[in-house]
Every structure is written in structure tokens, then in C-alpha cells.
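Counting convention: from 1, in listed order, for ligands and their atoms alike.
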Amino acid sequence: MLYTTLAELAIRSSSMNPSIVTVAAALVAMVRVGPEELASRLSEVRPVHLFLACFLPAAATVVYLMLRPRAVYLVDYAGFRTPHTCRIPFASFLEHAKLVPQLNERSIRFMTRLLERSGLGEETCLPPAHHYIGTHKYCTVDAARAEFELVAFSAIDDLLAKTGIAPEAIDILIVNCSLFCPTPSLVDMIVNKYKLRSDIRSMHLSGMGCSAGLTAVGLARNLLQVAPHSAHALVVSTETITPNYYLGTERAMLLPNCLFRIGGAAALLSTSPAKARFRLKHLIRTLTGAQDNAYRCVFQEEDGEGHRGINLSKDLMNIAGDALKANITAMGPLVLPASEQLKFAFSFVARKVINRRVKPYIPDFRTAFEHFCIHAGGRAIIDELQKNLGLSDEQVEASRMTLHKFGNTSSSSLWYELGYIEAKGRMRKGDRVWMIGFGSGFKCNGAAWECIQPARNTDGPWATSIHRYPVDIPDVLSH
Ligand SMILES: CC(C)(COP(=O)(O)OP(=O)(O)OC[C@H]1O[C@@H](n2cnc3c(N)ncnc32)[C@H](O)[C@@H]1OP(=O)(O)O)[C@@H](O)C(=O)NCCC(=O)NCCSC(=O)CC(=O)O
């Protein structure tokens, strides 16, 4: 009787733990049957039954553990600290542009207008070659390599110093850089510089646009599933600006000259939680390139006069909005609390069944994330996301300030933003971060991280300027 009561108590008090409930239930059953009946039943058990009873659950557990996806962690990351010598205030940028014979007065006026409205500040940087007069003559393959070396090697040096990981411990190396793709590849340059192992798995993602940083993280996550336990994957994300200065007069191709700036970041991922700072919870990739307008909205081409550049479509904001919708439809169920999902489901059903004019419910992602890193692709992108996701000014502060301080640094902008949040001391253990990248293709990639260990110091690209941020960014900058 006492045993029965104890077991029943155990069942009640352990309502949250199924294994305790199972053991307690077995105990109750045994007590109810009685010792003699139990002994006679046990004597009927044959060795084969015992073997199967032990072996099958053990085998199932081993198979489950082997097939279960391994958790992937961000050990740490480091952003390239832009040197003061590469700074390009608006006045210098425009004065320099006036000296480029291919650019006419109308183009200069247009670029001036764009810069004033772009959300960029006076401290963004261009690579050394863009500071020379007669720029195009200096934009050689050697100069482009030098830019990559400056950015990537500095970021990797910082990362290795921070993490204390030796280069030989790197098992996987992925570089994403969209527009500069030399041979030997950028990956080979890193292997050569750091004398990495000959059995390293290495990949260079080119032509994949500004959202490729998260594509690289997703690829690293997948490769880490089949690598030895506790393997390390180094991801380097950058865009080499040197060979991409547009020298024509097409407005849609002049826009990148005004927005893109030098920058890059290195991130170390591992399946080992030791020393890790963040855990990768989810990564969702959306590619809408099957639609012609989405495919062509960020397009490298030659203009009518043969000048090569990147054509940014005016339709980009609508296309990005559609890609975002598809991405959050997949991300939402994984991260949103049940209440938000129910509200969304009700509005969906109401629209389908009752009236199509019922406003669709946009889930409140602030219930799922404490921090947001939105690709700093341009002021309009951040404005649009802030509006669509109902984010506060503080929640988009990291994106706006990154655009102001560093410009559009392509895929590395997300890491500068994470760095901003940490440098401001806003990251807490357990906080959830949503990174949203956009880029040519057209792609929208999203990653959800959980903080395990906030940064211990503010060393990094924001170290010398964080005390001046946030700054006020007017819609139109007046000089
Ligand atoms: C450039 C802006 C800051 C300007 O903002 P404003 O709202 O103040 O002004 P606006 O939109 O009226 O534009 C000002 C003038 O520029 C012109 N204009 C704007 N965008 C243009 C475009 N893509 N092509 C040609 N002209 C363009 C407008 O017609 C207008 O000229 P007029 O007054 O004469 O009509 C903003 O439009 C912006 O942030 N756009 C998004 C930039 C972008 O595409 N970023 C993604 C980069 S790609 C990326 O990051 C990923 C990747 O590469 O993979």
C-alpha cells in the first residue's frame, strides 16, 4: 500500500518528466501484481525475451543519436576594422568622381543626391585603388587580391587570436565573395597564407550576392554534420570592391558606387559547445530566382557603351518583400510562440473562407527574437523591413548604424550588426538573434541564433567609435 502511494505520488509530482512517469507506472504495476505473481511471471521469461528487451531499445537509442543532426555553434566572429587611411568622406568621393572623365555632370549630381539620402555617413571606406586618380588604371587583379588579403587576413588574424584556435585545427573553409573570383581561388589564398591542412574541405561561393554569408553558414553547418566530432569550420564573408567601380552613366549602375564599401568578416563554427558564444537554432534559405524579374533585379552587365557594372532594379524593394514573405512563412512556425501562430492561422482562414479583404496578420517577431540584424543594403531596405515587421527604432538601430559607419559591406554587414549589439552591451545569455540577408538571385536567407556567452569586451570594428553611436541620420543629409 505504502509503495503504491509512493509510486502514485511520484507520478503526480513528475508530471513534466515522461521517463520518471514510465518508471513510476512500472513500479505501481509491479506492486499491484504482488511478489509471488511477479516471481512466477519472471520465471516464464526466456533469455531471448530479455535480450530483445534490452538490445532493441539500446540499438534504437544508438541509431537515434547517430542520425540526429548535430547542434552547430558559433565559437566567435571578427569583423575587419576599416583603416582610417581608406576613409572616403562624401566631399572626397564626389571630388574624385569629378576627375573621372567617363562620368558627366549629370551623373555627379545624381550620385550627390543618392549619397545624401543613402544613410551612409562620412566614415565609410573604399579600397586603396579607389583613392587614386585615374581609378580604373589601378583596379587591377593585383590590387583586388591586395584588398582581399587586407580584409580577410585581418579578420582571420583577429578571430584566431580571440578564439585561440590554431590554423591546423580548421577542418572546413568556406569563402563567399560574389564579384571577385580569381584563380587560384580566394580559398587557396587563405590556405597558402595560414598553411592550412592538405585534407581541408574548402569551397568558394561566388556570384551568390549579399545573402551568401548565411548560405556559407548553412553549408558549413551541413559539412560539420559529416566531419569528425568537434571539427571547426571557418567562414569568411566579404565583397571585393576594387574591380567593381562603374565608369558609365546608367543611373541604376551608379547606385552601387554610392552604396558599396570595403568590409568583411570571419566566423568560426563548430559542433563542439566548448568556448562557443552562440548556438545556431535555424537557418532558412529562400531563392525566388525562378521568376524573371527576381532573377534580374541585381544584375552584372555591360551598359550600352560597354562599361561593366551592377544594375540595381528599382523593383528591388518589392522583390525583396516577396522573398522575405516566403522566408518568414518558413521561419515563423519554428520560432514563434503558439499565440502568434494561432493569430496568424485565424487571419489566414478568415481571408480564405470569409473575406479576402480581411487584413493578413503579420506575426509579431519581437515575441521570438530580442535582436535583429537586417542586411544593411541601403536605407530603403531597412525602412521597408522596419515597417513590415513592426520593429522599433532600437530594433533596427544596429542595421542603420552599420550602414552609416561602414556602408553596404555586402554579406559581412550582418556580422558588423551583431558586433554593434554586443559592443553596446545589449546582448544577454539566452537572447535570440535573427539575421536576415538579401541578395542577388534573388535570395532572402534567415538565421536564428541563441546567445550562450555574450562578448567579454568590445574589442572589434566598433571599439573606437561605439561611444559616438547611435547617431541621428536625417532623411536627406545637408552639407
Ligand atoms: C538609394 C536610396 C537611398 C534613395 O532613397 P530615397 O527614398 O531618398 O530616394 P528615391 O528612392 O526617390 O531615389 C532618389 C533618386 O534615385 C533614383 N533611383 C533610386 N533607385 C534607383 C535605381 N535602382 N535605379 C535607378 N534610379 C534609381 C530615383 O528614381 C530618384 O531619382 P528621381 O528623383 O530623378 O526620380 C534608396 O532608394 C535605397 O536605399 N534603395 C535601395 C538600394 C538597393 O537597391 N540596395 C540593395 C543593394 S544590392 C545588395 O545589397 C545585395 C546584393 O548585391 O546581392
Side-chain angles (χ1 to χ4, degrees), residues 90 93 106-121 124 176-181 205-216 237-241 244 246 248-264 285-289 293-301 303 309-321 323-324 373-387 396 399-400 402-404 406-414 416-417 435-445 473-478:
F90 290 178
F93 181 90
R106 205 170 148 263
S107 302
I108 307 287
R109 269 205 310 275
F110 178 67
M111 289 205 284
T112 310
R113 212 144 52 93
L114 282 185
L115 279 175
E116 288 166 348
R117 293 154 178 267
S118 64
L120 268 70
T124 65
N176 69 278
C177 176
S178 204
L179 295 171
F180 180 50
C181 182
L205 305 180
S206 70
M208 299 282 279
C210 299
S211 64
L214 292 184
T215 308
S237 297
T238 188
E239 187 54 78
T240 302
I241 308 290
N244 298 302
Y246 172 64
T249 54
E250 274 295 327
R251 287 172 152 218
M253 295 166 84
L254 283 168
L255 183 51
N257 281 3
C258 301
L259 295 177
F260 283 91
R261 295 292 183 263
I262 188 172
R285 289 171 54 187
T286 304
L287 175 56
T288 57
N293 61 344
Y295 167 67
R296 287 199 67 98
C297 91
V298 180
F299 210 78
Q300 186 174 34
E301 62 185 4
D303 66 13
I310 304 296
N311 190 316
L312 294 179
S313 160
K314 278 190 182 175
D315 218 13
L316 189 137
M317 297 316 307
N318 295 330
I319 288 160
L324 175 74
C373 300
I374 298 161
H375 170 48
R379 209 197 64 224
I381 291 187
I382 304 171
D383 288 349
E384 199 64 18
L385 259 85
Q386 176 171 18
K387 198 172 78 195
V396 294
S399 304
R400 288 200 196 283
T402 296
L403 183 65
H404 184 270
F406 299 102
N408 180 343
T409 59
S410 190
S411 55
S412 63
S413 73
L414 300 177
Y416 284 108
E417 292 167 24
M435 285 183 171
I436 311 171
F438 294 99
S440 61
F442 192 87
K443 304 178 194 75
C444 173
N445 294 336
I473 303 173
D475 286 347
V476 182
L477 198 81
S478 52

I'd like a table of donor-acceptor pairs (distance under 3.5 Å, sequence neighbours excluded) in which one partner is a side-chain atom from residues 249-260, with atom names and distances.
| from | atom 1 | to | atom 2 | distance (Å) |
| --- | --- | --- | --- | --- |
| Asn257 | OD1 | Tyr246 | N | 3.1 |
| Asn257 | ND2 | Tyr246 | O | 3.0 |

### Query
Are His375 and Asn408 side-chain neighbours, meaning at least one heavy-atom pair lies under 4.5 Å?
yes
### Query
Looking just at side-chain N and O atoms, do Ser313 and Asn293 make a donor-acceptor pair shorter than 3.5 Å?
no
### Message
Return the CZ to CD1 distance between Arg379 and Ile473, rounded to the nearest 0.5 Å.
### Response
9.5 Å
### Query
In Å, rounded to the nearest 0.5 Å, how long is the span from CZ of Arg400 to CG of Asp383?
4.5 Å
#### Entry: Neighbouring protein residues of ligand 1 - any heavy atom closer than 4.0 Å
Phe110, Arg113, Leu114, Arg117, Ser118, Gly209, Cys210, Arg251, Ala252, Leu255, Leu259, Phe260, Val298, Leu312, Ser313, Lys314, Leu316, His375, Gly377, Gly378, Arg379, Ala380, Ile381, Asn408, Phe438, Gly439, Ser440
### Query
Do you know which two heavy atoms are closest between Ser411 and Gly213, and how far apart they sit?
CB-N, 3.5 Å
